[in-house]
Each structure stands twice: as C-alpha cells, then as structure tokens.
Asks: 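Okay, here's the structure, questions in a sec.
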Number of protein chains: 2
Amino acid sequence: MNIRELARRSGVSTATVSRALNDRAEVSEATRARIRRLANELGYAPNEPARTLVRRRSDTIGLIWDSGQEAQGLHNPFLLGMLSAVRTALSEADYHLMLLTTPGTEDPDGSYLQAVRRHNLEGVIVLTTPPDDRCLQVLADSGVPCAGIDTAFTGPRTVRISSDNAAGAEAAVEHLYALGHRRIATITGPLHLPPAAERLAGYRRACQRLGLTVPPDYVTEGDFFLDSGERAARRLLSVDQPPTAIFAAGDQMAIGAMHAAADAGLAVPRDLAVIGFDNIDAAALVRPALSTVAQDQRALGEAAVAALRALLDGEAERPERTAEPHIVPTKLLVRGSSRSGG
Amino acid sequence: MNIRELARRSGVSTATVSRALNDRAEVSEATRARIRRLANELGYAPNEPARTLVRRRSDTIGLIWDSGQEAQGLHNPFLLGMLSAVRTALSEADYHLMLLTTPGTEDPDGSYLQAVRRHNLEGVIVLTTPPDDRCLQVLADSGVPCAGIDTAFTGPRTVRISSDNAAGAEAAVEHLYALGHRRIATITGPLHLPPAAERLAGYRRACQRLGLTVPPDYVTEGDFFLDSGERAARRLLSVDQPPTAIFAAGDQMAIGAMHAAADAGLAVPRDLAVIGFDNIDAAALVRPALSTVAQDQRALGEAAVAALRALLDGEAERPERTAEPHIVPTKLLVRGSSRSGG
DNA sequence: CTGAAAGCGCTTACAG
DNA sequence: CTGAAAGCGCTTACAG
C-alpha cells in the first residue's frame with residue numbers, strides 16, 4: 001500500500017493525498033476527511049525514507065551514550081531514566097530516534113559524523129560519555145547540533161546539560177550543619193571530571209559560608225566506586241579530629257563509608273552522619289537508608305531535548321564555543337543515614 | 001556531496017561508484033580503490049534513505065522497551081545492560097537501530113506496526129514489557145519478525161528469549177542445601193508473571209529432588225519490591241518451624257528479607273541464610289553482600305539479536321505460534337548472605 | 001568491466 | 001482547491 005494506490009482508491013492525485021495527510025491548508029475539508037478515513041482503513045503509512053529523501057529532512061535525532069569503554073559505573077544507574085525521558089520528550093515533538101554506535105575500527109574519529117550524514121540526522125543527544133572522546137569532538141566541531149548531558153565536548157552548535165552539582169553539594173553540607181554537625185568531611189570523585197570538581201566546589205563554598213574551617217585532611221579523593229569510599233572513610237576516621245559527618249560525592253562511596261563506620265564500631269547516623277549524591281537505587285535499599293542529593297533524570301533528559309530543539313529551531317549560532325551549561329536542580333533526600341543530630 | 005558529485009570527480013558513472021562502494025565483484029580493482037580513496041577524502045557518506053527507498057530494505061531494527069507504564073521496577077536494572085548488548089551485536093551485524101515509542105493516544109493498538117511500516121524496519125527487538133500489551137500483540141500478529149526478552153506475545157515470526165529461571169532457582173536451593181540447610185523457604189514474585197512462576201517451579205523441583213518437604217507456609221508471594229520481601233520474611237520467620245534459609249525470587253525482596261531478619265535479631269548468614277535472584281547493583285553494596293542468581297544481561301541481549309537474525313535470514317515461518325523459548329543460563333554468585341553453614 | 005536509463009515513494013513548485 | 005510533472009539520491013537490470 002503506497003501513496004499511488006491510496007490515491008487511486010480515493011479518486012484523487014497523489015499530490016492531493018500528500019497534502020491531505022500532511023494537513024496542508026489548501027485541501028478541502030471533505031477531501032481531507034475522506035482520504036484520512038481511507039488511509040486509516042487500509043493501514044497506509046507514508047514511507048519515511050521517501051519523505052526524508054524529498055523533504056531533505058528526516059525528523060530524526062541520533063542518540064549516543066556510553067561511547068568507548070562501558071561507562072565508568074558511576075552514571076549507569078541514571079542512563080536509563082534519562083533515556084526514557086529523552087525518548088518520550090522527543091516523540092512528543094514528533095522526532096524519531098536512532099541509536100548510534102560506538103566508533104568501530106575503521107575511520108574511528110569520523111564515524112559519528114558519518115552516521116549523522118548518512119541518515120540525515122538533524123541533531124544528536126549525548127549521554128555521559130568519556131571526556132576524551134575524539135569522535136564526539138569531531139562531531140561537535142562539524143556544526144551538527146548536539147546536546148550533551150555531563151559531556152565535555154564543545155562546538156559551534158553545542159549545549160551542555162548538567163545537574164546543579166555545586167548547589168546540591170551545598171545543600172548537603174547545610175543539611176548536616178543544621179543537624180548540628182561542625183566537623184564535616186568530604187569524599188570527592190576523580191577531580192578531573194567536572195561533576196566531581198563542581199561538587200567539591202559546592203562543599204567548600206558551603207563550609208566557608210557557614211564559617212566551618214576545612215582541614216586539608218577532611219578532603220579525600222575516591223573514584224566513585226564502593227571500595228574507594230570505604231578506604232577514604234577509614235582515612236577520614238583516623239585523623240586527629242575525626243569528622244562527625246561525611247558528604248560523599250557519590251552514593252556508592254557513601255555506602256562504602258557506612259561500611260567503614262560499621263567496621264570502626266560507629267553507628268550511623270548516631271556517631272557518624274553520611275550523605276551521598278545521585279540517588280542510585282541502592283540508596284533506598286541499604287540500612288540505614290542513605291540520605292542523598294538526587295539527580296532528576298527525567299528533568300535532565302527533558303532539558304537536553306528542550307535545548308536541542310532550541311538549537312534546531314534556528315537559534316543563532318553561538319559566537320563562543322563554551323556555552324553556558326543548562327543547569328538542572330537537584331533535590332535533597334533525607335533518609336536514615338543523616339536523620340538525627342550529630 | 002552526493003554520488004553524482006563523487007562520480008564526476010572520479011571520472012566514472014554513478015553506477016560504477018555505487019558498485020565500488022558496495023563491494024560488487026564486477027568493478028575493477030583499480031577503479032574501486034580510486035573511488036574509495038576519493039570517497040574517504042571527500043567524506044562522502046551514501047544517503048541511507050535513498051538506499052532504503054531503492055533497495056526496499058533499511059537494514060534497520062526497531063527497539064522497544066518498557067512500553068506502557070514505567071517497567072515495574074524489577075527489570076530496570078537489567079535493561080541497560082541488555083540495551084548495550086543489543087546495540088553492539090546489531091551494529092556488528094551492520095544493522096541500524098531505531099527506538100520505537102510507546103503507543104500514543106491515536107491508533108494505540110497499531111502504532112508499533114505503523115512505525116515498522118513507515119520506516120521499513122526489518123524486525124523488532126522487545127525488552128521486558130507488560131504481558132498485556134495490545135499494541136505489541138498486533139505487531140507480533142502481523143508477521144513482523146520479533147525477538148523478545150521476557151515478553152509474553154506470540155506470533156508467526158516470533159521468538160522469546162529468557163533466562164533459565166527454573167535452573168537458576170534450583171541452583172540456589174542446591175547451594176543452600178549444600179551449606180546444610182534443610183528448612184528452605186521461598187518468597188515468590190507475582191505468579192502471573194512467567195519468570196516468577198518459573199522460579200517457583202525450580203524451587204519446588206529442587207526441593208523434591210533433594211527430599212525436602214515444602215510446607216505450604218514456606219511459600220509466600222511478594223511483588224518483587226523491597227517492602228514485600230520484608231513482610232514476607234516476617235511471615236516466614238513466625239511460622240511454627242521457621243526456615244533457616246530463604247530463597248527470594250528477586251534481589252529487592254531478598255534485601256527486604258535481610259532487613260526483617262535484622263529486626264528479628266537474627267544474624268545473616270549465621271541465623272538465616274538469604275539468596276536472591278537477578279544480581280542488581282545493590283546486591284554487591286548491601287552488608288552482608290547478597291548471594292544471588294545472576295542474569296547475564298549481555299548474553300540475553302546477544303541471544304535476542306542472534307534469534308532475530310535467524311528469523312530474518314529466512315528461517316522458515318514457524319507453523320505453530322508458541323515458539324520454544326531461547327534459554328540463557330544464569331550464574332550462581334555466592335556472597336556473604338549465604339557464605340557459612342546454617 | 002562500465003554506462004545510460006528507469007524507478008523506489010514521496011513532496012512541492014507550477015499551472016490551472 | 002486540484003493535478004501533471006519534476007526530482008530527492010541512490011541501485012540495478014539491461015545493453016554493450
């Protein structure tokens with residue numbers, strides 16, 4: 001069943017069918033209704049590749065995630081929520097979505113760009129990829145509109161979306177302070193990653209505002225995984241004036257810190273309050289449940305789509321390459337690991 | 001840069017360029033090499049919509065997941081691993097991947113099928129969707145090749161892929177038995193879901209083979225979520241002859257059972273051994289770490305792709321609609337929650 | 001081994 | 001308001 005067949009059965013030309021189905025104003029109401037009904041009955045679906053070819057636009061967005069090595073574990077839990085949000089938001093805007101694959105061996109650097117050209121993609125959404133992805137930078141440089149969540153590339157038509165890491169960290173510290181804590185330490189992520197650096201900055205800013213001095217040994221670095229949090233907490237608990245509360249820049253590290261506390265004979269939250277960042281599934285499953293700064297996956301995905309659409313809808317090209325990132329608010333979730341005073 | 005331009009610069013016809021780029025045998029080696037080099041230099045990428053139009057095949061597979069309501073929580077953790085595996089396996093087979101969206105309001109039942117027709121999709125991969133999805137059944141009935149992981153639809157060209165739930169459950173029970181446990185209870189999922197029913201069947205079969213009698217109150221139903229596991233374990237611990245070990249058909253429920261044990265003053269694994277199913281991220285994060293029957297997300301995704309390809313590569317249409325499901329092995333992971341004897 | 005030509009299924013000026 | 005015709009960028013018989 002193609003448009004010619006449908007036209008024949010409707011007793012009009014293919015041009016009229018096309019106009020009716022595309023809701024063009026020139027078609028008479030009666031004709032339009034008749035054609036639509038028939039199309040429905042016959043299960044006619046316009047051939048998108050043909051439309052793309054002639055219209056020179058595909059209404060399709062490319063989606064990239066986790067290029068190169070399997071994402072470093074830290075962000076995995078969020079990807080799915082963001083994926084769902086992106087998919088929903090994009091389809092509501094009548095875009096189709098194509099999954100792009102990590103570069104292969106031949107022409108590794110240009111493969112994203114090639115894929116965009118081959119499929120006539122209008123833009124690309126990128127979810128949390130390694131900061132040093134060459135292929136992504138080639139794509140961004142080419143001028144293809146790209147919206148990235150927690151990404152590092154920049155280009156002439158590029159937007160970055162990110163949680164408000166600094167504000168989230170500040171809220172965590174303020175919460176601990178309000179509980180009476182004055183000795184608040186932090187476990188950071190790898191500081192070359194922007195989210196890790198931003199969370200540390202927020203921690204420092206809150207401490208400063210609250211008049212808390214931060215001894216150098218109150219800041220210790222982890223790698224976002226469980227064991228590093230446990231090790232870091234052990235270090236923190238063995239300093240001269242050990243902290244009464246720990247803000248970990250990731251939930252896995254926070255859970256590791258809870259393990260270290262248990263091993264040291266400390267009860268959480270009575271002897272040590274702990275708060276994490278991200279709100280991974282496990283945060284609600286451990287005991288005591290982990291307080292955390294939740295990232296809003298849905299909002300992140302929707303913000304990425306909104307930003308990309310703004311780019312597509314002809315927003316002028318940006319003069320500078322370093323776009324102001326779009327910031328999505330976080331939300332403090334107080335649970336058992338920081339419920340009572342310190 | 002299109003094929004005409006490339007042909008002009010190569011000094012040959014578009015037909016020859018097409019043949020060279022598609023590795024047809026008729027082209028002379030010299031010509032092919034020259035054209036390929038030029039194409040690379042100029043960054044030429046063949047227009048896929050045009051190819052699809054003329055070849056009448058898109059080399060594109062549709063991907064559906066989580067249709068209808070947000071998946072019931074239980075499978076979320078796996079989706080991402082399966083998605084990655086599917087994406088990789090499909091791209092290695094030179095297929096493109098298009099994300100299909102949950103049915104909208106108009107024509108809800110036919111929308112997947114419509115999408116397949118519009119985009120000329122060759123087949124569809126479906127990840128864990130509600131068992132009562134009408135739209136999916138319409139698609140399956142249409143004869144479009146579909147491979148589904150933990151799905152319920154059937155159709156003329158349909159394959160179902162699933163973990164070996166029964167064998168996994170058996171392995172869990174055997175493991176507990178080997179540790180010395182003779183009073184082994186189970187917490188099931190909602191029994192109308194195939195994986196839940198299969199896991200219960202495996203539990204029963206193992207008990208029977210090992211000569212363990214299963215009192216009726218040793219089998220209690222949960223909903224795969226944390227709280228239901230905690231409640232179910234409370235019930236199990238309050239029966240006449242309480243179990244010394246619990247096999248929960250899902251990790252969240254198993255973790256809930258550990259909480260119930262702690263509340264009852266029982267130490268895990270000394271007083272009560274617990275083992276779950278799935279291997280969600282949290283299983284490795286709780287304390288003691290949760291023993292579990294791991295599903296192999298990667299293998300599931302790869303099996304789905306392999307099964308779909310078999311379908312596409314002209315495997316004869318199946319006479320009966322109820323295909324034998326493809327079964328992927330599970331793996332027993334022994335961790336702290338069942339380490340020592342009972 | 002190569003080219004001229006037809007055609008895949010649409011949309012859109014252009015003419016009426 | 002409608003139709004005839006051109007053309008989007010490819011591939012593939014067909015002829016040489």
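A quick note: this is a predicted structure, and the numbers were derived from the prediction, not measured. Here is the naming used below: chain letters follow the sequence lines, and residue numbers restart at 1 for every chain.
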Asks: Could you check how far CE of B:Met1 sits from C1' of D:dC8, rounded to whole Å?
Replies: 17 Å
Asks: Can B:Leu100 and B:Leu63 be said to form a side chain to side chain contact (heavy atoms under 4.5 Å, CB included), step by step?
Replies: CA-CA 6 Å; B:Leu100 265 36; B:Leu63 185 64; over 6 Å; no
Asks: Please confirm whether the shortest side-chain N or O distance from B:Ser28 to OP1 or OP2 of C:dC1 is below 4.0 Å.
Replies: no
Asks: Expressed as a whole number of angstroms, how long is the span from B:Arg4:CZ to D:dT11:P?
Replies: 15 Å
Asks: Nearest-nucleotide wise, let me know which of B:Leu53 and B:Glu29 is further upstream toward the 5' end of DNA chain C.
Replies: B:Glu29
Asks: A:Ile35 has an atom CD1; how far is it from atom C1' of D:dG3, in whole Å?
Replies: 12 Å
Asks: Can you tell me how far CG of A:Asn47 sits from CG of A:Asn2, rounded to the nearest 0.5 angstrom?
Replies: 9.0 Å
Asks: Is there a side chain to side chain contact (heavy atoms under 4.5 Å, CB included) between A:Leu127 and A:Ile64 once you walk through the steps?
Replies: CA-CA 6 Å; A:Leu127 306 181; A:Ile64 295 172; over 6 Å; no
Asks: Find which nucleotide of DNA chain D each of A:Gly11 and B:Pro49 is nearest to by heavy atoms, and output the residue with the more 5' nucleotide.
Replies: A:Gly11
Asks: Does a side-chain N or O from A:Tyr44 land closer than 4.0 Å to OP1 or OP2 of C:dC10, or not?
Replies: yes
Asks: Write down the distance between CZ (A:Arg8) and P (D:dG3), rounded to a whole number of angstrom.
Replies: 15 Å
Asks: Does C:dT2 have its OP1 or OP2 closer than 4.0 Å to a side-chain nitrogen or oxygen of B:Thr31?
Replies: yes
Asks: Is there a side-chain polar atom (N or O) of A:Ser13 under 4.0 Å from OP1 or OP2 of D:dG3?
Replies: yes
Asks: With a 4.0 Å cutoff (strictly under), does any side-chain N or O of B:Arg56 reach OP1 or OP2 of C:dC8?
Replies: no
Asks: Report the nucleotide, chosen from C:dC14, C:dG3, C:dC10, that has the shortest atom-to-atom distance to any side-chain atom of B:Arg19.
Replies: C:dG3
Asks: Could you walk me through whether A:Leu6 and A:Leu38 pass the side chain to side chain contact (heavy atoms under 4.5 Å, CB included) test, one step at a time?
Replies: CA-CA 8 Å; A:Leu6 180 56; A:Leu38 207 53; 4.2 Å; yes
Asks: Among the candidates D:dC1, D:dG9, D:dT11, find the nucleotide nearest to the side-chain atoms of B:Arg51.
Replies: D:dT11
Asks: Is A:Thr16 close enough to D:dG3 that one of its side-chain N or O atoms is under 4.0 Å from OP1 or OP2 there?
Replies: yes
Asks: Ignoring backbone atoms, test whether A:Asn2 places a side-chain nitrogen or oxygen under 4.0 Å from the OP1 or OP2 oxygen of C:dG9.
Replies: yes
Asks: Between D:dG16 and D:dT12, how far apart are the C1' atoms? Round to whole Å, please.
Replies: 16 Å
Asks: Quick one: is C:dT11 close enough that its OP1 or OP2 comes under 4.0 Å of any side-chain N or O from A:Asn22?
Replies: yes
Asks: Show me the dot-bracket string of DNA chain D, counting Watson-Crick or G-U pairs under 3.5 Å, with | for pairs to another strand and [ ] for crossing ones.
Replies: |||.||||||||.|||
Asks: So, A:Gln137 versus A:Asp133: side-chain donor-acceptor pair below 3.5 Å or not?
Replies: no
Asks: If you assign each of B:Ala50 and B:Arg32 to its closest nucleotide in DNA chain C, which residue comes earlier from the 5' end?
Replies: B:Arg32
Asks: I need the A:Thr16 OG1 to A:Glu26 CD distance, nearest 0.5 Å.
Replies: 9.5 Å
Asks: Flag the pair B:Arg19 and B:Asp23 as a salt bridge only when some basic side-chain nitrogen lies within less than 4.0 angstrom of an acidic carboxylate oxygen.
Replies: no
Asks: Once hydrogens and angles are ignored, does a donor-acceptor distance under 3.5 Å link the base of D:dG9 to the side chain of A:Arg118?
Replies: no
Asks: At under 4.0 Å between heavy atoms, what does A:Arg24 touch on the DNA or RNA strands: base, sugar-phosphate, or nothing?
Replies: sugar-phosphate
Asks: Dump the intermediate steps for side chain to side chain contact (heavy atoms under 4.5 Å, CB included) on B:Tyr112 and B:Val144, then the final yes or no.
Replies: CA-CA 10 Å; B:Tyr112 285 144; B:Val144 171; over 6 Å; no
Asks: Whole angstroms only, please: what is the CG-P distance between B:Leu6 and D:dC10?
Replies: 9 Å
Asks: Please report the distance, rounded to the nearest Å, between CZ in A:Arg57 and P in C:dT12.
Replies: 11 Å
Asks: How many whole angstroms separate atom CZ of A:Arg117 from atom P of D:dC8?
Replies: 20 Å
Asks: Considering only C:dG3, D:dA4, D:dG9, which nucleotide approaches the side chain of A:Ala15 most closely?
Replies: D:dA4
Asks: Which heavy atom in B:Arg160 sits nearest to a heavy atom in B:Pro194, and how many Å separate them?
Replies: NH2-CB, 3.9 Å
Asks: A:Asn47 has an atom CG; how far is it from atom P of C:dT11, in whole Å?
Replies: 9 Å
